[in-house]
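So the structure is just underneath, and the comments pick up after that.
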Amino acid sequence: MEGSFLVRLIYDDEITYSLIEAAEKVLHVEANQILELFGRMFFDFCQESGYDKILQVLGATPRDFLQNLDALHDHLATIYPGN
């Protein structure tokens with residue numbers, strides 16, 4: 001794939017799968033490890049960017065958070081229509 005990725009643009013899942021597959025080959029690291037490392041980095045990114053404050057309002061417990069996560073997705077769908 002040529003070019004670069006842009007913020008707030010939704011990409012097809014196949015692109016993500018292709019990136020993970022390529023990273024497996026280049027880094028000699030299994031996909032599940034790559035995904036776990038990405039999750040850790042994304043969590044740090046959310047905290048550094050202030051998104052942790054937004055996520056905190058979804059609930060004080062893991063159960064509340066997960067139950068309210070769908071509501072967040074519905075809200076984001078109204079902000080980014082057509083995606």
Side-chain angles (χ1 to χ4, degrees):
M1 179 177 167
E2 293 184 34
S4 59
F5 292 96
L6 302 174
V7 176
R8 294 187 186 96
L9 186 63
I10 296 174
Y11 294 92
D12 191 288
D13 286 345
E14 286 303 315
I15 293 173
T16 304
Y17 298 136
S18 295
L19 285 171
I20 294 167
E21 186 178 316
E24 278 185 295
K25 291 176 183 174
V26 171
L27 301 173
H28 305 288
V29 176
E30 292 183 19
N32 61 339
Q33 292 175 299
I34 293 169
L35 291 169
E36 186 173 327
L37 290 169
F38 173 79
R40 289 181 186 177
M41 291 180 67
F42 185 70
F43 184 80
D44 291 342
F45 168 79
C46 286
Q47 285 185 310
E48 292 168 6
S49 301
Y51 292 119
D52 60 322
K53 305 288 188 267
I54 295 169
L55 296 176
Q56 286 174 359
V57 302
L58 292 178
T61 67
R63 181 183 173 126
D64 290 342
F65 176 84
L66 292 173
Q67 287 177 333
N68 291 319
L69 195 55
D70 283 339
L72 175 63
H73 289 148
D74 291 341
H75 175 70
L76 291 174
T78 64
I79 295 173
Y80 301 105
N83 292 313

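- Under the salt bridge (charged side-chain N to carboxylate O under 4.0 Å, His left out) criterion, the residue pairs touching residues 15-31 are Glu21-Lys25, with sequence neighbours excluded.
- Atom CG of Asp13 and atom OG1 of Thr16 lie 5.5 Å apart (nearest 0.5 Å).
- Taking the six-membered ring where the residue is Trp, Phe45 and Tyr51 present tilted rings, their angle falling between 30° and 60°.
- Clustering of Ile, Leu, Val, Met, Phe, Trp and Tyr by side-chain heavy atoms under 4.5 Å joins Leu35 with Ile20.
- Residues Ile34 and Tyr17 are members of separate hydrophobic clusters, defined by side-chain heavy-atom contacts under 4.5 angstrom among Ile, Leu, Val, Met, Phe, Trp and Tyr.
- For the atom pair CG of Leu58 and CD of Gln67, the computed distance is 11.5 Å after rounding to the nearest 0.5 Å.
- Screening residues 37-47 for side-chain hydrogen bond (donor to acceptor under 3.5 Å, both in side chains), with sequence neighbours left out, gives Glu36-Arg40.
- Here Phe38 pairs with Phe42 under the side-chain contact (heavy atoms from CB on, under 4.5 Å) rule; sequence neighbours left out.
- Side chains of Leu19 and Phe5 form a contact here, defined as non-hydrogen atoms less than 4.5 Å apart.
- A salt bridge (charged side-chain N to carboxylate O under 4.0 Å, His left out) check over residues 60-77, counting only residues at least two apart or in different chains, returns nothing.
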